[in-house]
Amino acid sequence: MSNALNRRDWLKRNSLAALALGFSLPSMANEEGMLRNFGAANGLLNLGSNENPYGISPKAKEAILSMMTEANRYQFNVAPLQNFKNELSKYYGVSSDQVLVTAGSGDALNMLARHFSKGNLVTATPTFGVLPNTAKKIGTKVIEIPLTQTKVHDLPAMLKAINNETQMVYICNHANPTSTIVSPAVLKSFCIEAAKKAVVIIDEAYIDFLNPPDNESMISLISQNPNIIVVRTFSKIHAMAGLRVGFLAGHPTVVKSLEQNYFTNSQITVSNLTMAAALASLQDESHRQSCKQKNEAARTYTYNALQQMNIKCIPSYTNFLFFPL
């Protein structure tokens, strides 16, 4: 048997067993409740969670160790953490009243679905499932617009689907699970137009894996538009999936409204150790660059290998790949 056939057999068996990318669309957010450690006893790794395999920043590790002595205190009793939101805001070029800290971006998406629940939701399908599936569970009508043939958000169709009852539009860009992108210029135009009719949520979980101009954030739009909200996470490029920290950025008026409702205690759910690690990780640009470069090399190698095996793979702009089995 040739090496190519061996690789094909390995990919098929391990992809199916380990829930590898492209096999089960819903498993990206694990809505079906499948075991995350499936196959672990046989040495298989679950690749479907899009984790960063290179680990957290060395500076983040040091920060966690230093904060251990304060683990018995609530964060508001720890002096170095009282400026956490200010430091986070400063790094991303916004004011502290434009930011809400959450236990990962999933927590923010869950609460956003509950807060904006009085009308329908327009979203793509397939997409990252936390927000649309929470909406469905609480009875919100979800209008799902299929991706294009190239697995990109069909923004014209989504814009057309917005009606008088639409309260929220959700865009995961760069897209999970298909790993595609909408260019910043096109997305910006869409956000401005759609925000005239509904709240637009932009999920930027994977934005840090790209270089300019593809990594332009929509955070630049929030100051002038109360209907645009950007959600970010430390789970991917910062490798802090298990530490659980993220945030949303929006206009001060919408942030205040959210804070008075479901997000009242969102920051208190983030641990002292996590906040210390997050601040340290922001200061370790070299670690993030290293993760990005290694990810790019692995992504290119895997994409080329799949192509050589005649497995049609969507070009990826993230830290995962989408392909049919």
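Reckoned from all heavy atoms, side chains included, excluding hydrogens, waters and symmetry mates.
Ion pair Lys90/Glu87 flagged as a salt bridge, since at least one NZ, NE, NH1 or NH2 atom sits closer than 4.0 Å to an Asp/Glu carboxylate oxygen. One finds a salt bridge joining Asp208 and Arg232 here, because a Lys/Arg side-chain nitrogen approaches an Asp/Glu carboxylate oxygen to under 4.0 Å. Glu51 has no carboxylate O lying under 4.0 Å from a charged side-chain N of Lys236, or vice versa, which leaves the two without a salt bridge. The residues Lys292 and Glu285 are annotated as not salt-bridged, no charged nitrogen and carboxylate oxygen being separated by less than 4.0 angstrom.
In this structure, Glu165 places its CD atom where only 12 or fewer heavy-atom neighbours from other residues, nucleotides or ligands lie under 6.0 Å away. Counted within 6.0 Å of CZ on Phe76, heavy atoms from surrounding residues, nucleotides or ligands total more than 12; the atom is thus considered enclosed. Under a cut-off of 6.0 angstrom, the local environment of CG in Asn72 is crowded, with over 12 non-hydrogen atoms contributed by other residues, nucleotides or ligands.
Of all the heavy atoms in Ser96 and Asn86, the pair that sits closest is CB-OD1, 3.1 Å. Closest of all the heavy-atom pairs between Pro184 and Met218 is O-CE, 3.7 Å. Nearest heavy atoms, Ser117 versus Ala113: CB-O, 3.5 Å. In plain terms, the two heavy atoms of Lys188 and Glu216 that are nearest each other are NZ-OE2, 2.6 Å.
Under the 4.5 Å side-chain criterion, counting only non-hydrogen atoms from C-beta, Glu193 is in contact with Leu159. Considering only heavy atoms from C-beta on, Val130 stays 4.5 Å or farther from Asn133 through its side chain. At least one side-chain heavy atom of Leu112 sits under 4.5 Å from a side-chain heavy atom of Val231.
Judged by the 6.0 Å and 45° rule, Lys151 forms no cation-pi pair with Phe322.
Grouping the Ile, Leu, Val, Met, Phe, Trp and Tyr side chains by contacts below 4.5 angstrom, directly or via other members, places Val182 apart from Ile314. At a threshold of 4.5 Å between side-chain heavy atoms, the hydrophobic network of Ile, Leu, Val, Met, Phe, Trp and Tyr places Ile56 and Phe84 in one connected group. Cluster annotation: Val94 is connected to Ile202 through the hydrophobic network of ILVMFWY side chains, with a link wherever side-chain heavy atoms come within less than 4.5 Å.
Distance alone, capped at 3.5 Å, is enough to place a donor-acceptor pair between the Gln75 side chain and the Gln267 backbone. Under a 3.5 Å cut-off, the side chain of His287 and the backbone N or O of Gly55 do form a donor-acceptor pair.
The CG atom of Asp97 sits 9.5 Å away from atom CD of Glu259, with the distance rounded to the nearest 0.5 Å. Going from atom NZ of Lys61 over to atom OG of Ser66 covers 14.0 Å, rounded to the nearest 0.5 Å.
Ser271 and Arg244 share no donor-acceptor pair across their side chains, judged by distance under 3.5 Å alone. Counted by atom type alone, Asp284 and Ser57 present one or more donor-acceptor pairs between their side chains at under 3.5 Å. Side chain to side chain, Ser95 and Gln98 meet the donor-acceptor criterion of an N or O pair below 3.5 Å. At a cut-off of 3.5 Å, with distance as the only test, a side-chain donor of His238 or Ser281 sits close to an acceptor on the other residue. At a cut-off of 3.5 Å, with distance as the only test, no side-chain donor of Tyr317 or Asp214 sits close to an acceptor on the other residue. For the residue pair Thr148 and Asp154, no side-chain donor N or O sits within less than 3.5 Å of a side-chain acceptor on the partner. Judged purely by distance below 3.5 Å, without hydrogens or angles, the side chains of Asp203 and Asn173 never pair a donor atom with an acceptor atom.
Evaluated for a side chain to side chain contact (heavy atoms under 4.5 Å, CB included) with Asn227, the options Ile201, Val254, Val199, Leu221 yield exactly one hit, Val199. Residue Phe128 is tested with Thr123, Asn176, Asn50 for a side chain to side chain contact (heavy atoms under 4.5 Å, CB included); the sole match is Asn176. Exactly one residue among Asn110, Leu109, Val142 makes a side chain to side chain contact (heavy atoms under 4.5 Å, CB included) with Thr134. That residue is Asn110.
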TODO: Determine, stepwise, if the pair Lys136 / Leu121 fulfils side-chain contact (heavy atoms from CB on, under 4.5 Å).
DONE: CA-CA 9 Å; Lys136 291 176 184 177; Leu121 163 68; over 6 Å; no

Task: Steps toward side-chain contact (heavy atoms from CB on, under 4.5 Å) verdict (Cys313, Gln307) - done: CA-CA 7 Å; Cys313 183; Gln307 293 291 92; 4.2 Å; yes

TODO: Kindly indicate, with the supporting measurements, whether the criterion ring-ring contact (aromatic ring centres under 6.0 Å, His included) is fulfilled by Tyr206 and Phe320.
DONE: CA-CA 10 Å; Tyr206 300 95; Phe320 57 90; 5.1 Å; yes

Open item on the list: If you apply the rule side-chain contact (heavy atoms from CB on, under 4.5 Å), what do you find for Gln260 with Lys256, and how did you get there?
Closed with: CA-CA 6 Å; Gln260 291 174 343; Lys256 184 176 181 180; 3.4 Å; yes

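Using a 30° and 60° split on the angle between ring planes, Tyr92 and Phe247 fall in the tilted class, from 30° to 60°.
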